[in-house]
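For this chain, numbers begin at 1 and follow the sequence in order.
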Amino acid sequence: MTHLAQPASGSSTWQRLSPGFAAVLAPGGLHWQGDWLQLAAAVALFALLALALGKTVQVKARKQAQVEEELRRAKEELELRVAERTEELHRANEQLKQELAVRERAEEELRQGRNMLAQIIDTIPQFVFWKDKNSVYEGCNIVFARAAGLERPEEIRGKGDYDLPWLREESDAYRADDRVVMDSGTAKYHIIEQQLQAHGERYWVDTTKVPLCDESGAVVGVLGVYDNITERKGIEEARDRALAMLESLLASSPTGILVYEGESGACVKANQAVANMVGASIEQMLAQNFRQIPSWEAMGIRQLAEQVLADGQTRSMEASGASTFGAPLEYECFVSRFDVEGKHHLMFIAVDMSERKQLEQEKRLIEAQMLHVQKLESLGVLAGGIAHDFNNILMVVLGNADLALLRVPPDSPACENLVQIEQAASRAADLARQMLAYSGKGNFVIEKLNLNRVVQDMGPMLEVSISKKAQLRYDFAPDLPAISGDATQLRQVILNLVINASEAMGEGTGVISIGTKAMECDRAYLSESWIDDRLPEGCYVVLEVSDTGCGIDREVIPKIFDPFFTTKFTGRGLGMAAVLGIVRAHKGAIKVYSEKGKGSNFRLLLPCIAGAADRPDPPVQQALWRGSGTVLLADDEESIRALGSDMLKALGFSVKLACDGREAVEIFKKGMDDIVCVLLDLTMPNLDGEQAFGILRALKPDVKVIMSSGYNEQEVSLKFAGGGLSGFIQKPYKMMEMSRKLSEVLGGDGHG
């Protein structure tokens, strides 16, 4: 060791302890002393060195032992630490093995879960897709792929909605929904919309979209799932339509309908009809409980309802009284029971009997009017037939009186008798005209009339026709529209109404008012007239005749238009029946307002026409026109033939006579070149006037034919419209009328 080679002390020490040794060593010392000294010094030095060396060795050994002990302890500690670390590494390795096994199991489970999820996504009937933040598809399931026209779901990646078969507006809506979901970070549920499929069919779909987020929670896309709800939508729409129809039927039903819960008695359904019936709102009806309705208790409906709830048997009853809300009630109700979710419910159906009774009353009124019309029609046929035959008789009387006046000297006493005969026959002819007017076949000369002017022209006649104690008042509307009618017939109507008004006042004083106006009449107003002939709505001229007389009993009013009915002690005639006939022939109507003791009001309604009224020229007295040639006269009445022959001869014509149409045709065939005119009666045996006229026209198209009849010109003209008839003359006619008609037909042919 290094420390053993060093001296224990310096050279001085060596000299003090061993001087001999030093002398020996030192050159020139004593030999023996020096040797001793040197030996002693050497021995001392050796001893010292030995001692030092021993100490050193001891120290070194001690240190070596200490070091070795430390090394041993260090080794043991190291071995312990290595063992512990090895144990730790072993445990860590085991733990790592376990973690790796867990991770492998987790990865296997994850793979299985992904496979399961993929299978679930591909096998569920819902359509599933997911997109990135730009609404570009990243994946979908097989159902969605097929809807998009793709064979595999992988083909969807990288495509947008506009690359798929959806309509553009559908794609716009999809992307807008994507943006809302991703911007808000919240899901959007039940988006009901339509989608065009690849095969061309459009589905209704119910879509839910949720945001897709990464680990940090940032939205990176959208996940969508939707169902095909086309069938459900159809069912819902059908259900909604059915419900809407039921609601509409319930709301529009004229029958009142109420539904109550059987147990609680609360009202759960009410329609507007029942609310109107009781004078309440639907909300007020729904707030009611049928067990707490006083009117139901008073009318016995509650007891009926309880019986129905108990046994389920439908019952009905008629009830009347006042509702809880004060409205008068008169109805028939039907009460039945039905179940909803196992709970009894009560249905109450009410039919308003007041309307039905009103309809029944109106029906009775219409039936009475129809009966009245039928009676009038039958009497009209009778009156028309009588008037026609009566005209033939009057024709003979008037014609012969007219001829006799021409043949006797003016100063003959017989002239006065003939004039009286003629006047009586004229009055009889007026009666016949009234009968024809009643039958609707009067001789009307149709003109455009101003009703104000017609009444004003009658002023003097009306003044002398009424009682001296009666006062006439006029109230004419300015600018009155024109009407189409016969002035003579309308004058008879006005005179009849004014005379009746005067007689209604008896011996007392009073006022008769005559007024005119124009008004718009609707169907409801016209239906209340006598008699409702279904006149069209529109503008009508109204002639109103009212009085302050005794009035008419309510039960008498329906009878005043019956023929031969009168409340007077004297006098008989057609009266108001003729008035009604004339007005009906003018396409008009009559309305009557009267109350016993308060006077009467008669209102005539005549349809307006366009244009201004005609202004008739003043009559000019004409002389008899005479002609020449042969006239063929055909009539089945021998007296008419004789009279007509005399009239024609007096007018300068030669005459051929026929008793019917067939004889007239035979005579015409033999002498058609000489016959200048044919006078045919309309109604004859064998061939009537119409048939004979057709044959004569076939034999000679330009034949001049004048038709004669007791009926009016309009009726005859309708039969021969466009047929070439030369003229018409109505029976009874006088010499002047025959002369005028022959002048019109033959005057321009050189026969005058």
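Proximity of Leu604 to Val542: side-chain heavy atoms (C-beta onward) are nowhere separated by under 4.5 Å. In this structure, Val655 and Leu657 have side chains that are in contact, with non-hydrogen atoms separated by less than 4.5 Å. Tyr474 places a side-chain heavy atom less than 4.5 Å from the side chain of Leu462. Side-chain contact between Lys669 and Val665: present, with at least one pair of heavy atoms (C-beta onward) separated by less than 4.5 Å. Asp681 is listed as a side-chain neighbour of Asp636, based on a closest heavy-atom distance under 4.5 Å. Under the 4.5 Å side-chain criterion, counting only non-hydrogen atoms from C-beta, Leu535 is not in contact with Pro607. Taking the side chain as every heavy atom from C-beta outward, Gln471 and Arg473 approach each other to under 4.5 Å. In this structure, Leu648 and Leu742 have side chains that are in contact, with non-hydrogen atoms separated by less than 4.5 Å.
No side-chain donor-acceptor contact under 3.5 Å links His586 to the backbone of Leu490. Under the 3.5 Å distance criterion, the side-chain polar atoms of Gln691 are matched with a main-chain donor or acceptor of Asp688. With Lys598 contributing its side chain and Thr548 its backbone, the two residues share no donor-acceptor pair below 3.5 Å. Checked by atom type and distance alone, the side chain of Ser412 never pairs as donor or acceptor with a backbone atom of Pro409 at under 3.5 Å. Thr516 places no side-chain N or O within donor-acceptor distance of the main-chain N or O of Leu543, the cut-off being under 3.5 Å. At distances below 3.5 Å, at least one donor-acceptor pair connects side-chain atoms of Asn452 with backbone N or O atoms of Ala477. Between the side chain of Ser502 and the backbone N or O of Ser467, at least one donor-acceptor pair lies under 3.5 Å.
Distance CZ/Phe693 to CE/Met707: 6.5 Å, rounded to 0.5 Å. Ser654 contributes atom OG, which lies 9.0 Å from atom CD1 of Ile675 (distance to the nearest 0.5 angstrom).
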Working for side chain to side chain contact (heavy atoms under 4.5 Å, CB included), residues Glu544 and Ile514: CA-CA 6 Å; Glu544 196 167 3; Ile514 304 176; over 6 Å; no
Candidate pair Lys741 and Glu744, rule salt bridge (charged side-chain N to carboxylate O under 4.0 Å, His left out), full reasoning: CA-CA 5 Å; Lys741 186 59 66 176; Glu744 292 174 1; 3.4 Å; yes
Starting from the C-alpha separation in whole Å, work towards a yes-or-no answer on side chain to side chain contact (heavy atoms under 4.5 Å, CB included) for Val631 and Lys656. CA-CA 6 Å; Val631 175; Lys656 291 184 178 181; over 6 Å; no
Side chain to side chain contact (heavy atoms under 4.5 Å, CB included) between Phe602 and Val579, intermediate numbers included: CA-CA 11 Å; Phe602 287 81; Val579 169; over 6 Å; no
Applying side chain to side chain contact (heavy atoms under 4.5 Å, CB included) to Ser709 and Phe728, what does each step give before you reach the verdict? CA-CA 8 Å; Ser709 173; Phe728 171 81; 3.9 Å; yes
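Tyr525 carries Lys591 over the face of its six-membered ring, with the cationic atom under 6.0 Å from the centre and within 45° of the normal.
More than 12 heavy atoms of other residues, nucleotides or ligands sit less than 6.0 Å from atom CD of Glu463. Atom CG of Asp522 is surrounded by more than 12 heavy atoms from other residues, nucleotides or ligands within 6.0 Å.
Under a 4.0 Å N-O distance rule, the pair Lys731/Asp635 qualifies as a salt bridge. In summary, Glu537 and Arg523 do not engage in a salt bridge, as defined by a charged side-chain N under 4.0 Å from a carboxylate O.
A donor-acceptor contact closer than 3.5 angstrom is absent between the side chains of Thr630 and Asp674.
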